[in-house]
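Report on one structure; see the data block that follows.
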Amino acid sequence: MIEARASGDPFEALGDPNRRDILRLLSDGDKPVREIAAALPISRPAVSRHLRLLKEAGLVAEQAQGTRRIYHLQEQGMHAVQAYLERVWGDAARRFRLLAENTGTTENTGTTENTGTTENKPRND
């Protein structure tokens, strides 16, 4: 039985490896529950419960075709997750770049004009 509830939170929904596998399967195209279940080591009812949680989180949507339900990625939900990650990691990348630009990988050395030798100069960061 599925313990964690997505409760509409895409990150909670992404926390389960079976749900991530379902999203990977759907990234290749729309699929019915039967096809998704055949590709996973869990039961068809468990796949249906995972799909319901992914749907509540806005990551997948379904379309009825007769008695079958065809699932596909919900573009809006996936874009919201992507935008969040880009914002968070973008800020981290900018901070890392600033740190890297202000921290040398080797010691700063300067040449004295009178002797032509190099000496270590203290940094004033």
Side-chain angles (χ1 to χ4, degrees):
M1 181 169 193
I2 300 169
E3 297 293 326
R5 299 267 330 186
S7 302
D9 182 347
F11 288 99
E12 284 187 41
L14 291 170
D16 184 276
N18 290 309
R19 291 192 284 271
R20 291 191 304 270
D21 286 342
I22 290 170
L23 293 175
R24 273 191 287 276
L25 289 168
L26 291 175
S27 70
D28 291 335
D30 303 357
K31 293 183 179 31
V33 176
R34 173 189 47 77
E35 191 174 328
I36 295 167
L40 297 173
I42 57 177
S43 69
R44 187 171 170 173
V47 168
S48 293
R49 288 190 296 270
H50 284 299
L51 285 165
R52 181 176 43 83
L53 293 173
L54 288 167
K55 186 177 171 186
E56 288 173 5
L59 298 175
V60 301
E62 66 181 348
Q63 180 180 359
Q65 286 186 355
T67 59
R68 297 178 355 157
R69 298 275 183 215
I70 308 299
Y71 285 85
H72 61 273
L73 294 178
Q74 183 67 23
E75 195 170 328
Q76 183 178 0
M78 299 304 282
H79 284 304
V81 170
Q82 181 180 3
Y84 173 82
L85 291 173
E86 286 174 352
R87 186 173 61 247
V88 169
W89 289 112
D91 290 344
R94 280 190 291 282
R95 288 191 303 272
F96 180 75
R97 186 178 63 244
L98 285 172
L99 178 66
E101 289 171 351
N102 292 307
T103 304
T105 57
T106 61
E107 290 186 30
N108 274 347
T109 58
T111 304
T112 59
E113 294 181 37
N114 296 342
T115 64
T117 62
T118 59
E119 62 183 59
N120 289 336
K121 292 190 175 192
R123 294 183 55 164
N124 294 324
D125 291 340

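For the pair A57 and A13, the tightest heavy-atom approach, listed with the atom from each and the gap, is CB-CB, 3.7 Å. Residue H50 comes nearest to I22 through the heavy atom pair CB-CD1, 3.6 Å, listed as atom of the first residue, atom of the second, then distance. The two residues H72 and D30 have their closest heavy-atom pair at CB-OD1, 2.9 Å. Residues Y71 and V60 approach most closely at CD2-CG2, 4.2 Å, considering heavy atoms. S27 approaches L73 most closely through the heavy-atom pair CA-CD1, 3.7 Å.
Using a 4.5 Å cut-off on side-chain heavy atoms (C-beta onward), R24 and R20 make contact. Between R97 and R95, every side-chain heavy-atom pair lies at or beyond the 4.5 Å cut-off. Within the 4.5 Å cutoff, side-chain heavy atoms of L59 are placed close to those of L14. Residues L53 and R19 are in side-chain contact: their nearest non-hydrogen atoms beyond the backbone lie under 4.5 Å apart.
Under a hydrophobic clustering in which Ile, Leu, Val, Met, Phe, Trp and Tyr are joined whenever their side-chain heavy atoms come within less than 4.5 Å, directly or via other members, I70 and V47 fall into different clusters. Residue L98 is not grouped with residue V88 when hydrophobic side chains (ILVMFWY) are merged at heavy-atom distances under 4.5 angstrom, including chains of intermediate members.
Atom CD of residue Q63 and atom CZ of residue R68 lie 11.0 Å apart, to the nearest 0.5 angstrom. Here CG of N18 is found 11.0 Å from CG of L23. Values are rounded to the nearest 0.5 Å.
Qualifying ring pair (Phe, Tyr, Trp, His ring centres under 6.0 Å) partners for F96, counting only residues two or more places apart in sequence or in other chains: none.
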Please step through side-chain contact (heavy atoms from CB on, under 4.5 Å) for the pair L51 and E62, ending with a clear verdict.
-> CA-CA 9 Å; L51 285 165; E62 66 181 348; over 6 Å; no

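In this structure, Q76 places its CD atom where only 12 or fewer heavy-atom neighbours from other residues, nucleotides or ligands lie under 6.0 Å away.
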For residues 34-46, run the donor-acceptor check on the side chains, cut-off 3.5 Å, and write out each pair with its distance to 0.1 Å, sequence neighbours left out.
from	atom 1	to	atom 2	distance (Å)
S43	OG	A46	N	3.2

